Amino acid sequence: MSSSLVSSAGYRRLTRAAFAGVVALGLASCSSGSSGGLALDDAVPDQVPEGTSLSVSIKTTRLQLEATDQIADLPFTVSDWPDVSAGPDVIQAFRGNAVDLATNAAIPPIQAHATGLDAKIVAVREKEQPQYVLATAPGSDIAALPDLRGKKIAFSPGQAQGVVILRTLKAQGLTTKDVQLVELPSPQFLTALQSKQVDVAPLSEPTVTKYLNQYGPDGAKALQTDAVDALTVLWAPVEVLQDPAKAAAIKAFIPFWARGEIWAWENQDAWIQKYYVESEQVSAEDGKRIVASVGQRPSYPVNWDAAVEWTQDTVQLLSDAGYFSEFDANELFDRRFENIAADAVPAEYRGGVQR
């Protein structure tokens, strides 16, 4: 397939065809039983066997461990750090056995469940501030959120950006029928804005800064929304969690992930240089502005009840919009890992999700 921007109808056909094709595959894999021998109600081992390896798609943790010289302290080998971040891409990597552990919002696990991929959330970080803004196309006449009525909005139902759009519309008293949702994978949102195929797209930092630096002089704007993507999660395929060695490695990795985020929060100048300047190619000045505007203290709940409730609300929101069938969000969480992140951090970094 060409890498050029596909049409909304074309993407919808591709998405629905993919969903139909992978359901049977997912169900077949679920019915094949445990290949590793660890049942989901068995305790996860504490010791990681020698020779264990994981493919970990968590770029920020890799950079944090590099900055603090801790990669060698991991009690297993990271066979690869693939830079796979968009939810649909992570799901595809899980299916292809290319990634064992990844980080996303809670929405990709919902999509995975809806398409037959059995995967579980193993760690939760809560967020209370919006991470996305609604960026407008160059020359757009949109000045405020009420102006969204009748506009073309980039939309990916299986990603956090899609839920931000649905929550924003609901807060404005609008429904999906009041706007034109253009279904695209999120990596194509920026191109869709630049080409004016859409009027609005949800973007996060540092993409927002790069976009406005280029197109702000042409009238592009960033509209603030109160819609919060409340969770960042680590998740893994059940097939991986059924492998005792890999499950133990994931259990050992979670404290490194949580403490790495805390290091970034407590050492912002070093993190801005490592991530925003060296990795994301924005200026140190822009990096400081980004951290000041969207950065927030890491928080890891000691109990996942509120996280499950927020996820259930999101399942209901997507179901009401006609995208996925409703199901019990508890199915997405592997509570054997519930306390690991919170137990690994100081008390001031423990908390509970705010709805």
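In this text, all values refer to a predicted model and were calculated from it rather than measured experimentally.
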Undergrad: Would you please test Lys288 and Asp269 for side chain to side chain contact (heavy atoms under 4.5 Å, CB included) and show each step?
TA: CA-CA 8 Å; Lys288 291 178 181 179; Asp269 288 343; 4.2 Å; yes
Undergrad: Under the rule for salt bridge (charged side-chain N to carboxylate O under 4.0 Å, His left out), what residues qualify as partners of Asp305, not counting sequence neighbours?
TA: Arg335
Undergrad: When rounded to the nearest 0.5 angstrom, what distance separates CD in Gln188 from OG in Ser195?
TA: 9.5 Å
Undergrad: Describe, in one word, how the ring planes of His113 and Phe327 are oriented to each other, choosing from parallel (under 30°), tilted (30 to 60°) and perpendicular (over 60°).
TA: parallel
Undergrad: Crowded around Gln194 CD? As in, over 12 foreign heavy atoms under 6.0 Å?
TA: yes
Undergrad: Report yes or no: does Gln296 contribute a side-chain atom to a donor-acceptor pair with the main-chain N or O of Glu128 at less than 3.5 Å?
TA: yes
Undergrad: Tell me whether Arg125 contacts the main-chain N or O of Thr232 through its side chain, where contact means a donor paired with an acceptor under 3.5 Å.
TA: no
Undergrad: Is any side-chain heavy atom of Thr61 less than 4.5 Å from a side-chain heavy atom of Val56?
TA: no
Undergrad: Calculate, to the nearest 0.5 Å, the distance between atoms CD and CH2 belonging to Gln64 and Trp265 respectively.
TA: 13.5 Å
Undergrad: Between Lys251 and Arg336, is there a donor-acceptor pair closer than 3.5 Å when you use the side chain of the first and the backbone of the second?
TA: no
Undergrad: Can a donor-acceptor pair be found, under 3.5 Å and without considering hydrogens, that links the side chain of Tyr300 to the backbone of Ala258?
TA: yes
Undergrad: Let me confirm one number: the CD-CG distance from Gln312 to Asn330, rounded to the nearest 0.5 Å.
TA: 7.5 Å
Undergrad: Show, in sequence, the C-alpha distance, side-chain angles and deciding distance for Gln316 and Asp320, and conclude whether the side chain to side chain donor-acceptor pair (under 3.5 Å) test is met.
TA: CA-CA 6 Å; Gln316 185 65 56; Asp320 290 345; 2.6 Å; yes
Undergrad: Can you hop from Ile58 to Val84 via hydrophobic side chains spaced under 4.5 Å?
TA: yes
Undergrad: Using only atom types and a distance under 3.5 Å, with no angle test, would you say the side chain of Ser57 pairs donor to acceptor with the backbone of Pro82?
TA: yes
Undergrad: If every non-hydrogen atom of Trp257 is compared with every non-hydrogen atom of Ala341, which pair is closest and at what distance?
TA: CZ3-CB, 4.2 Å
Undergrad: Between Thr115 and Gln111 (side chain of the first, backbone of the second, donor and acceptor by atom type, cut-off under 3.5 Å), is there such a pair?
TA: yes
Undergrad: Looking only at heavy atoms, which two atoms of Val282 and Pro206 are closest? And how far apart?
TA: CG1-CB, 3.9 Å
Undergrad: So, taking the atom named NZ in Lys120 and the one named CG in Leu40, what distance separates them when rounded to the nearest 0.5 Å?
TA: 6.0 Å
Undergrad: Is any side-chain heavy atom of Gln131 less than 4.5 Å from a side-chain heavy atom of Glu205?
TA: no
Undergrad: Step by step, would you call Asn267 with Thr68 a side chain to side chain contact (heavy atoms under 4.5 Å, CB included)?
TA: CA-CA 11 Å; Asn267 298 271; Thr68 55; over 6 Å; no
Undergrad: Given side chain to side chain donor-acceptor pair (under 3.5 Å), test Arg62 with Ser279 step by step and report yes or no.
TA: CA-CA 12 Å; Arg62 174 178 64 81; Ser279 175; 5.7 Å; no
Undergrad: Below 4.5 Å, heavy atoms only, C-beta onward: do Leu148 and Asp178 meet side chain to side chain?
TA: no
Undergrad: Does any N or O in the side chain of Asp147 come within less than 3.5 Å of the main-chain N or O of Ala143, such that one atom is a donor and the other an acceptor?
TA: yes
Undergrad: Taking side chain to side chain contact (heavy atoms under 4.5 Å, CB included) as the test, write out the residues that go with Asp199, two or more places apart.
TA: Ile142, Lys151, Lys152
Undergrad: Do you know the tightest heavy-atom contact between Lys196 and Pro138?
TA: CE-O, 3.0 Å
Undergrad: Please report the interatomic distance CD1(Ile153) to CD(Gln161), rounded to the nearest 0.5 Å.
TA: 13.5 Å
Undergrad: Ignoring hydrogens and geometry, is there a side-chain-to-backbone donor-acceptor pair from Gln281 to Glu278 under 3.5 Å?
TA: yes
Undergrad: Would you say the side chain of Leu241 lies within less than 4.5 Å of the side chain of Val122, judging by non-hydrogen atoms?
TA: yes
Undergrad: So, Trp304 versus Phe337, ring centres under 6.0 angstrom or not?
TA: no
Undergrad: Restricting to ring pair (Phe, Tyr, Trp, His ring centres under 6.0 Å), what partner residues turn up for Tyr211, sequence neighbours left out?
TA: Tyr215
Undergrad: State, with a plain yes or no, whether a side-chain heavy atom of Phe155 is found less than 4.5 Å away from one of Thr176.
TA: no
Undergrad: Search all heavy atoms of Arg95 against all heavy atoms of Gly116 and return the closest pair with its distance.
TA: NH2-C, 4.2 Å
Undergrad: Considering residues at least two apart in sequence or located in another chain, which fulfil the ring pair (Phe, Tyr, Trp, His ring centres under 6.0 Å) criterion with Phe256?
TA: none
Undergrad: Yes or no on side chain to side chain contact (heavy atoms under 4.5 Å, CB included) for Ile272 and Ile290, after CA distance, side-chain angles and deciding distance?
TA: CA-CA 9 Å; Ile272 288 167; Ile290 291 169; over 6 Å; no
Undergrad: Counting C-beta onward and ignoring hydrogens, is there a side-chain heavy-atom pair between Tyr323 and Glu183 closer than 4.5 Å?
TA: yes
Undergrad: Counting only heavy atoms from other residues, nucleotides and ligands, does the tally under 6.0 Å from CD of Glu50 exceed 12?
TA: no
Undergrad: Same hydrophobic cluster for Val228 and Val208, using side-chain heavy-atom links shorter than 4.5 Å among ILVMFWY?
TA: no
Undergrad: Do you see a donor-acceptor pair shorter than 3.5 Å between the side chains of Ser140 and Lys221?
TA: no
Undergrad: Quick test of your reading of the model: are Lys274 and Glu66 salt-bridged, counting only N-O distances below 4.0 Å?
TA: yes
Undergrad: Out of curiosity, Thr175 OG1 to Lys177 NZ, how far, rounded to the nearest 0.5 Å?
TA: 6.5 Å
Undergrad: Please determine whether side chain to side chain contact (heavy atoms under 4.5 Å, CB included) holds for the pair Asp286 and Tyr276, giving the CA-CA distance in whole Å, both sets of side-chain angles, and the decisive distance to 0.1 Å.
TA: CA-CA 8 Å; Asp286 280 339; Tyr276 290 102; over 6 Å; no
Undergrad: Within the 4.5 Å heavy-atom criterion, are Ser204 and Asp229 side-chain neighbours or not?
TA: no
Undergrad: Quick check: do Thr136 and Leu223 have side-chain heavy atoms less than 4.5 Å from each other?
TA: yes
Undergrad: Is Val308 reachable from Leu318 through a run of hydrophobic residues whose side-chain heavy atoms are each under 4.5 Å from the next?
TA: yes
Undergrad: Please confirm whether the backbone N or O of Val291 pairs with a side-chain atom of Gln268, one donor and one acceptor, at under 3.5 Å?
TA: no
Undergrad: Is Lys210 atom NZ crowded by more than 12 heavy atoms from other residues, nucleotides or ligands, each under 6.0 Å away?
TA: yes
Undergrad: For Tyr349, give me all partners under ring pair (Phe, Tyr, Trp, His ring centres under 6.0 Å), at least two apart in sequence or on another chain.
TA: none
Undergrad: Which atom names give the shortest non-hydrogen contact between Leu38 and Ala43, and what distance separates them?
TA: CD1-O, 3.7 Å
Undergrad: So, for Tyr132 and Ala160, which heavy atoms are closest and what is the spacing to 0.1 Å?
TA: OH-CB, 4.0 Å
Undergrad: Side-chain atoms of residues 97-110: list all donor-acceptor pairs with protein atoms under 3.5 Å, sequence neighbours left out, distances to 0.1 Å.
TA:
unit_1, atom_1, unit_2, atom_2, d
Asp100, OD2, Ser55, N, 2.9
Asp100, OD2, Lys246, NZ, 3.2
Thr103, OG1, Val233, O, 3.0
Asn104, OD1, Trp235, NE1, 2.9
Asn104, ND2, Ser85, O, 2.7

Undergrad: Quick check: are there more than 12 heavy atoms from other residues, nucleotides or ligands sitting under 6.0 Å from CD of Glu285?
TA: no
